[in-house]
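Report on the following structure.
The shown structure was predicted, so the numbers you read here are calculated from the model rather than taken from an experiment.
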Amino acid sequence: MTRRTWTLIVSFLVVAALGLLGGFARVPYVALGPGPTYDVLGKVKDTDVVSVDGQNTFPTNGTLRMTTVSLTDDVSLFGALGLWLSGRYALAPREEFFKPGESEEEVQKNNELAFSESQTSAEVAALHYLGYPGKVIANQVTKGSPAENVIPLGARIISVNGKQVQTAADVSAALENTKPGDHIEVAFEKDGTSKSTQLTLGTRDDGRPAGFIGILPVDRADVPFKIKISLSDVGGPSAGLIFALGIVDKLTPGELNGGKAIAGTGEITGDGTVKPIGGIAFKMVAAKEAGATAFLVPSANCQDAKQQAPDGLKLIKVENLKDAVSSLDALNAGKETPAC
């Protein structure tokens, strides 16, 4: 063979090797992009996303969409380049989403747990906003703590240190002026039986001087009806705000969204506070493509949202659930709403 033939063969082999490398070699990055959206006032697989059993509900109209971010983990060199050039996706180091030694199954399990907790927080926040009573339960009991073998898991906390408990925050407030070694009384209820017990407070691991009981108090709704959120294959806590609004809309007369196409995002706590989330740019794109005309943005995400919002999508800044409801009322009345 001539030198030219050898050059062609070698060049072909090099190109083929590079092609195989680029097509099959995996890079330590994940691709983030717009994910699916779900109308919490509608149905998924013929099942209401938000349903209420044992209580009258009211008709809804329009859409109220929770938004998500898609994450692609198995990315090749050429695949990453193509996704980046599309302008629709962004690349991020894999270690930001997968801890060293953590499997995809573990990540998925944690995301599903966060999603489940967001549903509970949404229910508590919505019912608290509507004036329904709540309760505080011991969601965890720390091993080796004063509460172990004394306060049962799932017990309703009635009072701590002589102070009535209405919210989870009341438990910490009742211990503010205590110290390790102090003796306090805790009243609780389990399976219909009320009890009162004396505890000797322990020492906190976080260095705070207040005494330590050893329970994780959480807020729960205390109503004679059941709220169910039926949505699978979704993870993370950022749907809380929209779930809460969906519950409020179904339990109150009129249309909270005025029959419009509304979307949004935001983690919510039991007291209705809206916390920031990640991936705001991708969620806004997904909302716009789903037909939303307005998007509810956690106030802490406003700066990024304002810089990256798609044309024609109205941004509404929210601090808490009350803000979100009043802003939607204002939007429906043609009034100004808090903007990013």
Report task. Determine, stepwise, if the pair F115 / F243 fulfils ring pair (Phe, Tyr, Trp, His ring centres under 6.0 Å). Result -> CA-CA 11 Å; F115 186 65; F243 282 146; 5.7 Å; yes
Requested in this report: Carefully, step by step, assess K135 and D219 under the rule salt bridge (charged side-chain N to carboxylate O under 4.0 Å, His left out).
Outcome: CA-CA 6 Å; K135 60 184 178 181; D219 294 304; over 6 Å; no
Query - Trace of the side chain to side chain contact (heavy atoms under 4.5 Å, CB included) decision for L245 with L296 - result: CA-CA 11 Å; L245 288 170; L296 300 170; 3.4 Å; yes
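Across every non-hydrogen atom of P298 and P276, the tightest pair is CB-CA, 4.0 Å. Shown here for L175 and A210, the closest heavy-atom pair between the two residues is O-CB, 3.3 Å. Summarising the geometry of A174 relative to V160, their closest heavy-atom pair is CB-O, 3.4 Å, with the distance given to 0.1 Å. Taking each heavy atom of V52 and F225 in turn, the nearest pair found is CG1-CD1, 3.8 Å. Shortest non-hydrogen contact noted between L315 and M284 is CD2-SD, 3.8 Å. Closest of all the heavy-atom pairs between S159 and V165 is CA-CG2, 3.9 Å.
T67 places no side-chain N or O within 3.5 Å of a backbone atom of A287 that could act as its donor or acceptor partner. Of the possible donor and acceptor atoms, none in the side chain of D249 sits under 3.5 Å from a partner among the backbone N and O of E255. Between the side chain of D304 and the backbone N or O of I280, no donor-acceptor pair lies under 3.5 Å. With hydrogens and angles disregarded, a donor-acceptor distance shorter than 3.5 Å links the side chain of S121 to the backbone of E117. One N or O on the side chain of S145 and one on the backbone of T142 form a donor-acceptor pair closer than 3.5 Å. Between the side chain of T293 and the backbone N or O of A261, at least one donor-acceptor pair lies under 3.5 Å. Checking side-chain atoms of N139 against main-chain N and O of G154 turns up no donor-acceptor pair under 3.5 Å. Between the side chain of D182 and the main chain of T178, no donor-acceptor pair closer than 3.5 Å is present.
The hydrophobic cluster containing L313 does not contain M66, counting ILVMFWY residues as joined when their side-chain heavy atoms lie under 4.5 angstrom apart, directly or transitively. Residues L64 and L331 are members of one and the same hydrophobic cluster, defined by side-chain heavy-atom contacts under 4.5 angstrom among Ile, Leu, Val, Met, Phe, Trp and Tyr. Note on V218 and L321: separate hydrophobic clusters, where clusters join Ile, Leu, Val, Met, Phe, Trp and Tyr whose side-chain heavy atoms are under 4.5 Å apart, directly or indirectly. The hydrophobic clustering, which links ILVMFWY residues whose side-chain heavy atoms are closer than 4.5 Å, places V40 and V325 together. Both V50 and L130 are assigned to one and the same hydrophobic cluster, defined by single-linkage of ILVMFWY side chains at heavy-atom distances under 4.5 Å.
Between T265 and N301, every side-chain heavy-atom pair lies at or beyond the 4.5 Å cut-off. With contacts defined as side-chain heavy-atom distances shorter than 4.5 Å, the pair V274/D323 does not qualify. Contact of the I268 side chain with the T273 side chain is not registered, since no non-hydrogen atoms from C-beta on lie closer than 4.5 Å. L256 places none of its side-chain heavy atoms less than 4.5 Å from the side chain of T252. Under the 4.5 Å side-chain criterion, counting only non-hydrogen atoms from C-beta, S194 is not in contact with F188. Put simply, the side chain of N332 reaches to within 4.5 Å of the side chain of K260, judged on heavy atoms. Side-chain contact between V69 and K283 is present, with at least one heavy-atom pair separated by less than 4.5 Å. Within the 4.5 Å cutoff, the side chain of E319 has heavy atoms near those of the S299 side chain.
When only modelled atom types and interatomic distance are considered, T269 and D271 share a side-chain donor-acceptor pair under 3.5 Å. Residues Y132 and Q55 have side chains that bring a donor and an acceptor to within less than 3.5 angstrom of each other. S238 and E267 form no side-chain donor-acceptor contact under 3.5 Å, judged by distance and modelled atom types alone.
Salt bridge present: D48 and K43 bring a charged side-chain N and a carboxylate O closer than 4.0 Å. Of the charged side-chain nitrogens involved, at least one lies within less than 4.0 Å of a carboxylate oxygen, so that D222 and R156 count as a salt-bridged pair.
Surrounding CG of D205 are at most 12 heavy atoms belonging to other residues, nucleotides or ligands under 6.0 Å away. No more than 12 heavy atoms of other residues, nucleotides or ligands sit less than 6.0 Å from atom CG of N177. For NZ of K317, the number of neighbouring non-hydrogen atoms (other residues, nucleotides, ligands) closer than 6.0 Å is 12 at most. Residue K275 qualifies as open at atom NZ: its count of foreign heavy atoms under 6.0 Å is 12 or below. Within 6.0 Å of CD in Q198 there are more than 12 heavy atoms belonging to other residues, nucleotides or ligands.
Here T68 contributes atom OG1 and I277 contributes atom CD1; the two are 11.0 Å apart, rounded to the nearest 0.5 Å.
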